[in-house]
Amino acid sequence: MSEDAPFLKPNEYRDTWCGQVLGDRVGEEVVVSGWVHRRRDHGGLVFIDLRDRTGMVQLVFNPDESGGSFDLGHTLRPEFVVSARGRVVARDPGTVNPEMATGEYEIHVEAAEILAESDTPPFEIEGFRSEVGEEVRLRHRYLDLRRPRMQEAIALRHRLVTEMRSFLDRSGFLEIETPVLTRSTPEGARDFLVPSRQHRGSFFALPQSPQLFKQLLMVSGFERYFQVARCFRDEDLRADRQPDFTQLDLEMSFVGVEDVIELNERLMAYLLGQMGVDAATPFPRISWDEAMVRFGTDRPDMRFGHEVVDLTEVLRGTEFKAFGGVIESGGAVCGINFGERDLPRAQLDGLIEEARELGAKGLVWAFCEDGGWRAPIAKFLSAEEQTGLNEALGAEEGDLMLVAADEHHVAAGILGGLRTRLAERWDLIPEGPDRLVWVVDWPMFEQDPDTGDWNALHHPFTAPDGEFDPADPGSAKAQAYDLVWNGVELGGGSIRINRPDVQRQVFRTLGIEDEEAEERFGFLLEALRYGAPPHGGIAYGIDRFAALLAGFDSIRDVIAFPKTASGSDPLTGAPSPVDDHQLREVGLTSRKQAPKSS
RNA sequence: GGGGGUGUAGCUCAGUUGGUUAGAGCGCUGGCCUGUCACGCCAGAGGCCGCGGGUUCGAGUCCCGUCACUCCCGCCA
């Protein structure tokens, strides 16, 4: 493991960590304890790899030196918990194991004791031959977590959080806890509900974030707050989404966008430095509008090009109906040049299928050939259009272009989605530093195309940039910012509204009338009447942060006890039915009896 | 809620056109082995082919349903 071994006060079980059996201990008598990692029984000689948190060391059971403990050596099995006393010896040159940190040394056992036996584990703690399925790992998570890779990931997460606390402490932030049992404020994600026994028929909700409480703490005058906060959202899961997850939440008073960004840029530079990440600083900024146009997403991966190009003007008036029709009805045609690439027809068809999964009605592929297009639809496009498209996309001989037509944001979104998916498959990401980027100048609202309702793009407490004109919500910009790391949304925040009249105005725009706002958020509106300072902050996804640092695709690998994609825990069997007595106490009846588990 | 993938021994997987007694590697158990380190050699045990139904003389294989895991879309202020 990379971390140094912790201080050890010798006791009956150990005076030395396994990973610390090195040259300076040769000739000494040591006591070590740990788990049997592997056993190599030669009959007259038994080798045991003993593992603890710090690493591994080889024990040798030898009839000349081990005495009565020699027979015990034969009975050891994987994952037995063993304590052994013996002498540290430098191995003969021919028997050194260069793969092992302690491979030049070994312990010649003089006495040993089995502290606990183990059933045969359902899978090898460190399988070299294949990766064990995730369901089995989660079912026996306590064994999965014994694997050095998992121990490192959990330790890395600890170091990340420790450095966060350290930096913020030095910067004058106070860590303050906020309630987990709180009030449901049904905005955004679905709430997890907890029935109240003392107030039958009423419910607590688990917080989706500490948003409102941290604003209240600013009203209270703490000025700088942070929290490593557990958050809960009852939505479907993904590789990067769990129903309960952890945020680094922070908030500051008497600040504007620049102040929050400045502090967080220093925080991130410090953390990345501590964690050994090579990242370019300062972090560039891109407006939300520009990100959507150039990359088709609000979380652009800036490590590589192949940006979205608007081809609408090149194709205005085209004979090809699939493009011309879309343009006439106000839509756009967008394309990406993916560079020189030779793909069989089947893979090109596969791309069309992937585009459909992303919501495309269709996708056109084309190769630049002899200055024109080689494509199934080439015959519908004039020579001028073909050369114009190649020029707009900067296409050279042999380049593959993918083109989609739809409303502009839809077409750009599809291509941006393909760009992200193809980045790794086609090795589009060059070697080089990581790219963190601030996405700024977010719109305050987006309009639901079906209902015409306005929804908050960030959240309803985000301060507008400048004076807010309720008559024109569509053009209002927010003082909001997201930090995006290699295309992953790492965190986001905003300056908050600190005036009750503005807050009411925003609620009204969102269709929350004064009476309803009073009912749901009255405590916040009231607090804002008692001298709320200008304030703003940000929240980071700690699980995602740790997963990126550890090189895992799924945040489950940096969470000790995560849930499966269907939101259950194979280890404990949660969620589970509860008996009628428990339900009666909280005044509930179950409409549907869940099947008894196990 | 929708789509894709997977489900066969403890683990990772193979299993042909529907055809005899379902295989491999690892692990496990027993035996042998004094320098191994993914030890080696010999022998052995181990199966509800996810579950339910159907087609068929015959189903791991085909059909229908269902469950679990996984990835994606929707959803995630």
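To the nearest angstrom, P of U70(B) lies 13 Å from NZ of Lys563(A). Atom CG in Leu358(A) sits roughly 14 Å away from atom P in C75(B) (whole-Å rounding). Residue Glu131(A) contributes atom CD, which lies 19 Å from atom P of C69(B) at whole-angstrom precision. Rounded to a whole Å, the CD atom of Gln58(A) is 10 Å from the P atom of U36(B).
Contact between the side-chain N/O atoms of Arg238(A) and the OP1/OP2 oxygens of C76(B) is not found at any separation under 4.0 Å. Listed pair Arg40(A) / C39(B) meets the phosphate criterion, a side-chain N or O lying under 4.0 Å from OP1 or OP2. Contact check, Arg556(A) against C71(B): a side-chain N or O comes under 4.0 Å of OP1 or OP2. The phosphate of C37(B) has neither OP1 nor OP2 within less than 4.0 Å of any side-chain N or O from Thr95(A).
Partners of Tyr105(A) by ring-ring contact (aromatic ring centres under 6.0 Å, His included), not counting sequence neighbours: none found. In this structure Phe61(A) satisfies the ring-ring contact (aromatic ring centres under 6.0 Å, His included) test with no other residue, sequence neighbours excluded. Residues that satisfy the ring-ring contact (aromatic ring centres under 6.0 Å, His included) test with Phe47(A), not counting sequence neighbours, are His42(A). Considering only residues two or more places apart in sequence or on other chains, Asp514(A) meets the side chain to side chain donor-acceptor pair (under 3.5 Å) condition with Arg508(A).
U29(B) and U66(B) have their P atoms separated by 43 Å, given to the nearest Å. Spacing between C49(B) and G15(B) at atom C1', rounded to whole Å, works out to 10 Å. Taking atom P on both A9(B) and U61(B), the two are 15 Å apart, rounded to the nearest angstrom. As rounded to the nearest Å, U8(B) and U12(B) have P atoms that lie 8 Å from one another. Nucleotides U20(B) and G58(B), compared at atom P, are 15 Å apart to the nearest Å. Taking the C1' atoms as reference points, U16(B) lies 13 Å from G60(B), given to the whole Å. Between U55(B) and C13(B), the distance separating the two P atoms is 34 Å to the nearest Å. Spacing between A24(B) and G19(B) at atom C1', rounded to whole Å, works out to 22 Å.
Each of Val132(A) and Arg77(A) lies near RNA chain B, and the nucleotide nearest Val132(A) is the one positioned closer to the 5' end. When each of Pro78(A) and Ser568(A) is assigned the nucleotide of RNA chain B bearing its nearest heavy atom, the one mapping closer to the 5' terminus is Pro78(A).
If you check distances only, the side chain of Arg356(A) never reaches the base of C73(B) with a donor-acceptor pair under 3.5 Å. Taking 3.5 Å as the limit, the base of C11(B) and the side chain of Arg137(A) contain no donor-acceptor pair of atoms between them. You'll find a donor-acceptor pair under 3.5 Å spanning the side chain of Asp236(A) and the base of G74(B), going by distance alone. The base of U36(B) is paired with the side chain of Arg91(A) by a donor and an acceptor separated by under 3.5 Å. Side chain Arg233(A) to base C76(B): no donor-acceptor pair is found below 3.5 Å.
Exactly one residue among Val21(A), Val60(A), Val89(A) makes a side chain to side chain contact (heavy atoms under 4.5 Å, CB included) with Ile107(A). That residue is Val21(A). Partner Arg496(A) forms a side chain to side chain contact (heavy atoms under 4.5 Å, CB included) with one of Met218(A), Gln503(A), His459(A) and no other, that one being His459(A).
With centroids closer than 5.5 Å and planes inclined by less than 30 degrees as the test, His42(A) and the base of C39(B) pass as a stacked pair.
Side chains of Arg40(A) and Gln58(A): a donor-acceptor N/O pair is present below 3.5 angstrom, by distance only. Looking at Glu110(A) and His108(A), their side chains never bring a donor and an acceptor atom within 3.5 Å of each other.
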Protein and nucleotides 4-10 of chain B: nitrogen or oxygen contacts under 3.5 angstrom:
unit_1, atom_1, unit_2, atom_2, d
G10(B), O2', Pro122(A), O, 2.6

Sequence neighbours left out, cut at 3.5 Å: what donor-acceptor pairs do the side chains of residues 231-240 of chain A make with other protein atoms?
unit_1, atom_1, unit_2, atom_2, d
Arg233(A), NE, Gln208(A), O, 3.2
Arg233(A), NH2, Gln208(A), O, 3.1
Glu235(A), OE2, Arg190(A), N, 2.8

